[in-house]
Every structure is written in structure tokens, then in C-alpha cells.
Trainee: 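Got a structure for you, questions after.
Residue numbers begin at 1 in each chain, while the letters A, B, ... track the order of the sequences.
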Number of protein chains: 2
Amino acid sequence: MRTLKYAILGLLKRKPRTGYDIAKEFKAELGNFWRARHSQIYPELKRLLEEGLIEYEIEIAGETMEKKVYNLKPAGEKDLIDWLNTDEEMVPTAKDKFRLRMYFASNIKRERLIELLNSQLKQRQDKLAMLEAKMDEQDRDPEFGSKEFGDFLVLESAILREQAYVEWLERSIRRCYIAK
Amino acid sequence: MRTLKYAILGLLKRKPRTGYDIAKEFKAELGNFWRARHSQIYPELKRLLEEGLIEYEIEIAGETMEKKVYNLKPAGEKDLIDWLNTDEEMVPTAKDKFRLRMYFASNIKRERLIELLNSQLKQRQDKLAMLEAKMDEQDRDPEFGSKEFGDFLVLESAILREQAYVEWLERSIRRCYIAK
DNA sequence: TTTAATCATGTAAACATTGACATGTTTTTA
DNA sequence: TAAAAACATGTCAATGTTTACATGATTAAA
């Protein structure tokens, strides 16, 4: 499946980057839907290099520090475009440890369950506020084919997802209070 | 982290089951938030057995077919309850291949992008309809501490999640048409 | 100016997950 | 009654992911 491969190719299509830059992207907006640590990124870059999909140039930062700035090669771009155009089936399961735990909620005392739900609610609300702040800085009407178009799609997606999560937590807390 | 361990303990807390039964649960409602194949389940059951958290009895089905019906031991129940009561931090990333691809949407032709979005929309709508049908069969006012309470929480959660996904896809398709 | 944060690149062991291989029984349906 | 679907249990190799180990340079802040 090699999803990380395409995440990296996609990022390099936007602009040349170092492995470190790629790791940073996974901590930003993109990190809402995919993530990888540098320990996974560097070996994958090595592999893509061997496969002839990418190349790199050495850049010197400061006095001596060497950076490998990676770039797409035509074969890599073709591979990326093919993947982007495939109509994949939806994955049936987006794993969620907290919701799994709630399936077994009957084994938690009422007061504690409310505490746990409130703790999640707080975190999700903070996340949502952060995403909404980002949306305010965003181009509200991105041009089709611009990278801002993709930025907008995923940001809106993340916001709608968090809103639904918050709504669920609020309903669940209410339900804890009113349930017999 | 061993989430599968707790998923299994939780299911066995509800009632004794075979490995096959557990696998089936991951294809039902619970499968919306956690999933494992039998190739992961059987070794995990073996391990839980060795750790003294569960035990089993042999049941004969038909003439000769042996079933291992697993059951929680007190140590397993304690372990489960401790896990259920821990206040874990939210996981920052619920991976989603399709949304990752949409981040790179600028590399897809408009007509094709609309096709891809519509394909996802169709699948998500079907899923949502299925979940809503299940909700109709569900106890609308589950008692606190009953297993129906957990069932209700996760089903509502799944519905809200799918609704948000559908909403996002619809907005994105509209955006494809109106964008410059 | 020194200290902390960030930049930068790698490897290795352990753990989690999937897909394929392997086998046989029981029940339902055509 | 034959075939298909579902029941039932396992292993193994490959792949994907995390955590820890390992090292050093550059920049911003105290």
C-alpha cells in the first residue's frame, strides 16, 4: 500500500524539501490525516532514491551543516499522479481508542465516566479552536488547481470532524446525567 | 500500548466467546473504531492465556468440532477496569488515506476529482444509511451501566462521524464546481 | 555568553498489522 | 444431495510503525 511513499511524493511535488521538512509537515495541518516519524521518513527517502523516483542536492547551512534537499524526478511525479487518480474503496475502520473504550463504558462509574468525557471534550474543543483560527488566516475562495485548494479541503475536513467529535462528547455527557 | 488486548478483555467481560466470535464483533458496530483479523486475535488470546488473564473451556459443536470458549479471569477483569478508567490523551492523528489524497488535489483534473469525491460520497452515504437503520432498532434510552449504553454511545458516534464526512464531501464537490 | 530550542540525519530493536498459507467441520441453500 | 457459505483455529512472512539509541550544528533567548 505504501501510503507514506505517496505522502512524501506529494509533498515533494509542492516543493523540494529535506527529510526534516517532511517531518515538520506531519506536525502541521497534514498531520491531521497522516503522520510519520523521522525514523520512518529517512529510510523511505532512501528507498525512493534507489527506485529512481526522487533525487537530492546537498545544501550547506551555516558553516558545515549538510542538508539533503530532495526533489521529484519524472518517474516519481508519474507514480504520484497515478495514485492520486485511483478510485480507492473507503477504509472501513478509522481506529479510535477512546471510542473503543466507550463501547465498554458500562464498566465505568458514572462520575468517572463524566470526568473522562469532559477531559476529551476539553482537548477536542482546544483542537477545534486552533483549527478555526487557522481557517481565519486561510484563503476563503481558493483557485482550483492551486495548492491552497488542497489546504482548504483538508482544513475544512478537520474542522467538520472535530465539530462532530465535540457534538458527540457533549451529547454523551448529557446522556450520562439523564440516564436511569 | 496493546489496545487489542483490552478490546478482547472488554468483549469477554460482556460474555464468554471464541476467537471466531471476537473476529465477528470487529466486523459489526465495534468495527467502526477498532478492528483485528483472526491472525492477530488467536496469538493475542494465547498470550492473554499465558498471562493468566483469561481461561477457556472446550465446547463440542456438532459431532467433533472443538470450540475454545474464552472467559475473563479476575486478573483480566482488574486489568480491563484499570485501563477503562485511565484518562488518556487524545491521539493527534486518525489516519485517512482519502483526505491525505485531497491535500494533493491540485494535481487532479477537475472532472476526475469530482468523480473521486462522488465515489466516496456514495460509499459514505450507504454506510450512514446502514448505521441509521441500526439506530432505529436500538434502545433510544439505554440504562446507565447496561451494555446497551455503550452500544448507543458508539453507534451515535459513528453516525455523527459519517454525517460530518458526507457534509464535507458535499461541500467539496460544490466547491469543485464553483472554484475559478 | 551559555543554554535551550530547533535544525539535521541516521540506525536498530520491538511492536502492530496484514495477507497468504493451511486445514477441517457444520449449516444452509439451491 | 451437492455445493456454497459460514464456523472454527491456527502459523508465517512481509509490511508498517514506534521508541530508543546515536550524533552533531545552528539559531534564538535568557
Trainee: Any Lys/Arg nitrogen of A/R14 or A/D151 sitting under 4.0 Å from an Asp/Glu carboxylate oxygen of the other?
Mentor: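 Salt bridge present between A/R14 and A/D151.
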Trainee: For residues A/K95 and B/T3, determine if any side-chain heavy atom of one lies less than 4.5 Å from a side-chain heavy atom of the other.
Mentor: no
Trainee: For the side chain of B/Y20, counting heavy atoms from C-beta on, which of D/dG10, D/dA6, C/dG10 is nearest?
Mentor: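 Of the candidates, D/dA6 comes closest.
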Trainee: If you assign A/L4 and B/E66 each to the DNA chain D nucleotide with the nearest heavy atom, which residue ends up on the more 5' nucleotide?
Mentor: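 The residue mapped nearer the 5' terminus is B/E66.
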Trainee: Could you give the angle between the helix axes at the two ends of the helix from C/dT1-D/dA30 to C/dA30-D/dT1, with five pairs per end, rounded to 10 degrees?
Mentor: 50°
Trainee: Could you report the tightest heavy-atom contact between B/Q138 and B/L155, atom names first, then the distance?
Mentor: OE1-CD2, 3.7 Å
Trainee: Taking CG from B/L49 and C1' from D/dT9, how many angstroms apart are they, rounded to a whole number?
Mentor: 14 Å
Trainee: Separation of B/I8 atom CD1 from D/dT9 atom P, in whole Å?
Mentor: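 Whole-Å distance recorded here is 12 Å.
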Trainee: Does some side-chain heavy atom of A/L9 sit less than 4.5 Å from a side-chain heavy atom of A/Y70?
Mentor: no
Trainee: Would A/R175 pass as a cation-pi partner of B/F149, given that its NZ or CZ must be under 6.0 Å from the six-membered ring centre and within 45 degrees of the axis?
Mentor: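 The answer is no; the distance or angle limit is not met.
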Trainee: So, OP1 or OP2 of C/dT26: does either fall under 4.0 Å of a side-chain N or O from B/K67?
Mentor: no
Trainee: Take nucleotides 18-30 of chain D nucleotide by nucleotide from the 5' end and write B, S or -, depending on whether a protein heavy atom sits under 4.0 Å from the base, only from the sugar-phosphate, or from neither.
Mentor: BBB---BSS----
Trainee: Nearest whole angstrom, please: distance from the P of C/dT9 to the CD1 of A/I41.
Mentor: 10 Å
Trainee: Quick one: does NZ or CZ of B/R99 land under 6.0 Å from the six-membered ring centre of B/W168, within 45 degrees of the ring axis?
Mentor: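 Yes, a cation-pi geometry holds between B/R99 and B/W168.
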Trainee: Salt bridge or not for A/E50 and A/K46, using N-O below 4.0 Å?
Mentor: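 Salt bridge absent between A/E50 and A/K46.
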Trainee: Quick one: A/F26 CZ to D/dT17 P, roughly how many Å, whole number?
Mentor: 10 Å
Trainee: For B/E162 and B/K134, what are the C-alpha separation, side-chain angles and deciding distance, and is it a salt bridge (Lys or Arg N to Asp or Glu O under 4.0 Å)?
Mentor: CA-CA 14 Å; B/E162 288 306 320; B/K134 272 206 187 109; over 6 Å; no
Trainee: Separation of A/L45 atom CG from C/dG10 atom P, in whole Å?
Mentor: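 Result: 8 Å.
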Trainee: How close do A/R161 and B/A94 get, heavy atom to heavy atom, and via which atoms?
Mentor: NH1-O, 3.3 Å
Trainee: When the distance from CZ of B/R2 to P of C/dA16 is rounded to whole Å, what number comes out?
Mentor: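 Roughly 7 Å, once rounded to whole Å.
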Trainee: Specify the separation, in whole Å, of atom NZ of A/K46 and atom C1' of C/dT9.
Mentor: 11 Å
Trainee: What's the CG-C1' distance between B/D21 and D/dT9, to the nearest Å?
Mentor: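 Between C1' of D/dT9 and CG of B/D21: 12 Å.
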Trainee: I want to verify a distance call: between D/dG16, D/dA8, D/dC7, whose nearest atom is closest to the B/K24 side chain?
Mentor: D/dC7
